[in-house]
S.K.: 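Below is one structure. I have some questions about it.
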Amino acid sequence: MIVQVQLDVGSWGLFCGSDGKQLVLVDDKPCGPVSARKPTRAIPRRLLLDENRIAQVMRSGNVISETVPHADEQWAVEVRPVFSPRTSTVIGVLAGVAKAADPLPEPPLVGGWEWEIERDADGQPTLRRRTYWDRNLFRIYDVDTSVAQQRSGYWEAGEWASELIDQSDRMRVNSLIRDGIQDGLMGVTGKVRCLTYNIVTGYGTASQDRRHMRLVGVIPPIEPDHDKIYLQGFSYEAPETFHDMAFEQDANAGRVDDVLRGVMALAKEPMAVVDSATLDVLMTSPSWRREDFGYVGGLGEFAIDSSGELHRFIAAAARDTARSQSMGLALRRVDGSVQNVRITATGVRSGAEGRDAVIRLDF
């Protein structure tokens with residue numbers, strides 16, 4: 001459900017995109033992404049947008065905190081940048097206007113994240129990937145920062161971070177990452193992407209809970225000589241009733257993902273959903289992890305296949321949604337041991353037709 005909200009005096013807005021021209025949150029109410037001018041009332045529109053304070057902070061990264069005259073009154077204006085943790089890129093702006101005698105409330109809690117993907121000699125994304133969080137994201141997830149490796153002002157989150165995403169949402173989240181990377185390589189950058197999903201909070205403690213979240217991300221321009229690809233964005237808590245438009249357009253999206261999770265949970269043989277272009281593993285069954293083939297990552301790093309036969313096999317299977325195909329393969333477990341398996345695959349329709357394959361391992 002897209003909530004109709006307005007940014008008025010006394011409220012905080014979260015702006016992002018080119019020069020902060022899109023609005024995605026007002027206080028605790030998600031919205032858009034929508035042109036920031038449409039839901040912004042006259043006074044904040046004048047002081048934040050018309051006078052270019054949002055754009056100025058998006059470009060400079062410097063806080064604006066001032067009192068300005070307008071319409072025979074004094075107004076307190078607060079504009080605060082939101083930075084990506086690893087590269088300190090401005091990815092959004094929290095801003096609000098209030099009467100000088102009536103200060104703004106505390107701003108909404110917004111956590112920044114950044115994914116770093118190394119590229120190979122041909123410029124393609126590899127499986128060498130890192131995830132970075134800021135302190136606010138740890139607060140949102142109710143996770144102590146001591147579980148992660150601290151860098152200078154940010155933390156490198158481990159494999160556990162992916163496990164905090166609800167199993168029924170992991171495929172959609174990983175598909176969003178995959179599509180963002182591919183768009184970036186094709187030159188489509190700066191596009192704001194949003195996704196609602198559920199997480200498990202309280203990692204490492206006995207007090208765990210469930211929380212509905214919204215992710216807002218963007219991929220910056222990728223130059224040919226860059227050795228890394230970055231996905232940057234922020235997340236915040238959203239009402240359980242709020243879902244992004246892409247989710248609503250496919251009313252069965254969450255249900256299908258949850259059915260697939262249930263099927264995989266009952267599967268005795270290891271199963272996974274694999275991207276046919278990159279061999280990224282988008283979802284795995286518990287039996288896959290019990291057999292020590294790793295968590296969500298890339299099938300290519302476990303396959304002993306120098307000829308590219310596996311890639312061709314998965315690509316062919318993904319194109320055929322009516323029949324399954326099989327081949328023999330040697331896989332290397334996380335502990336280094338090698339297992340000869342028979343891999344059976346069939347194509348599934350997910351977004352672009354025939355792009356993914358569901359695979360099963362038979363020993």
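One is the number of the first residue; the rest follow in order along the sequence. Small disclaimer: the values here were computed from a predicted structure and weren't measured.
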S.K.: Who passes side-chain contact (heavy atoms from CB on, under 4.5 Å) against D28, sequence neighbours left out?
M.R.: none
S.K.: If the condition is salt bridge (Lys or Arg N to Asp or Glu O under 4.0 Å), which residues does D27 pass it with, not counting sequence neighbours?
M.R.: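 Salt bridge (Lys or Arg N to Asp or Glu O under 4.0 Å) list for D27, sorted by chain: empty.
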S.K.: Could you list the donor-acceptor pairs under 3.5 angstrom formed by side chains in residues 95-114, with sequence neighbours left out?
M.R.:
unit_1: W113; atom_1: NE1; unit_2: F234; atom_2: O; d: 3.4
unit_1: W113; atom_1: NE1; unit_2: S235; atom_2: OG; d: 3.1
unit_1: E114; atom_1: OE1; unit_2: S84; atom_2: OG; d: 3.1
unit_1: E114; atom_1: OE1; unit_2: R86; atom_2: N; d: 2.7
unit_1: E114; atom_1: OE1; unit_2: T87; atom_2: N; d: 3.0
unit_1: E114; atom_1: OE2; unit_2: T87; atom_2: OG1; d: 2.7
unit_1: E114; atom_1: OE2; unit_2: Q232; atom_2: NE2; d: 2.8

S.K.: Flag yes if more than 12 heavy atoms outside R46 fall under 6.0 Å of its CZ atom; otherwise flag no.
M.R.: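 Open: at most 12 neighbouring heavy atoms sit under 6.0 Å from CZ of R46.
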S.K.: Who are the side chain to side chain donor-acceptor pair (under 3.5 Å) partners of N62, not counting sequence neighbours?
M.R.: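 Residues passing side chain to side chain donor-acceptor pair (under 3.5 Å) with N62: none at all.
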S.K.: Look at the rings of W133 and Y141 and say which category their plane angle falls in: under 30° parallel, 30 to 60° tilted, over 60° perpendicular.
M.R.: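 Correct class here is tilted.
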S.K.: Excluding sequence neighbours, so at least two apart, what forms side-chain contact (heavy atoms from CB on, under 4.5 Å) with P33?
M.R.: Q22, V24, V192, C194, R214
S.K.: Test side-chain contact (heavy atoms from CB on, under 4.5 Å) on I343 and L331; report intermediate values, then the result.
M.R.: CA-CA 10 Å; I343 182 170; L331 291 180; over 6 Å; no
S.K.: With a 4.0 Å cut-off on N to O distance, would you call R360 and E269 a salt bridge?
M.R.: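 Result for this pair is no, no salt bridge flagged.
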S.K.: Under the side-chain hydrogen bond (donor to acceptor under 3.5 Å, both in side chains) rule, what pairs show up with a residue in residues 70-79, not counting sequence neighbours?
M.R.: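 Qualifying pairs, neighbours excluded: S65-E78.
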S.K.: Which residue, N136, V90, L14, forms the side-chain contact (heavy atoms from CB on, under 4.5 Å) with V82?
M.R.: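 Between V82 and the candidates, side-chain contact (heavy atoms from CB on, under 4.5 Å) is satisfied uniquely by L14.
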S.K.: Enumerate donor-acceptor pairs with a distance under 3.5 Å from any side-chain N or O in residues 222-231 to protein atoms, sequence neighbours excluded.
M.R.:
unit_1: H226; atom_1: ND1; unit_2: E223; atom_2: N; d: 3.2
unit_1: Y230; atom_1: OH; unit_2: E116; atom_2: OE2; d: 3.0

S.K.: Which residues satisfy the salt bridge (Lys or Arg N to Asp or Glu O under 4.0 Å) test with D8, sequence neighbours excluded?
M.R.: R41
S.K.: Should C16 and V216 count as side-chain neighbours, where that means a heavy-atom distance under 4.5 Å?
M.R.: yes
S.K.: For R323, enumerate each residue passing the side chain to side chain donor-acceptor pair (under 3.5 Å) test, keeping only those at least two apart in sequence or located in another chain.
M.R.: D320
S.K.: Of all residues at least two apart in sequence or in a different chain, which pass the side chain to side chain donor-acceptor pair (under 3.5 Å) check with R332?
M.R.: none
S.K.: Under the side chain to side chain donor-acceptor pair (under 3.5 Å) rule, collect the residues that match up with T67, sequence neighbours excluded.
M.R.: none
S.K.: If the condition is side-chain contact (heavy atoms from CB on, under 4.5 Å), which residues does R37 pass it with, not counting sequence neighbours?
M.R.: S35, R45, L49, D50
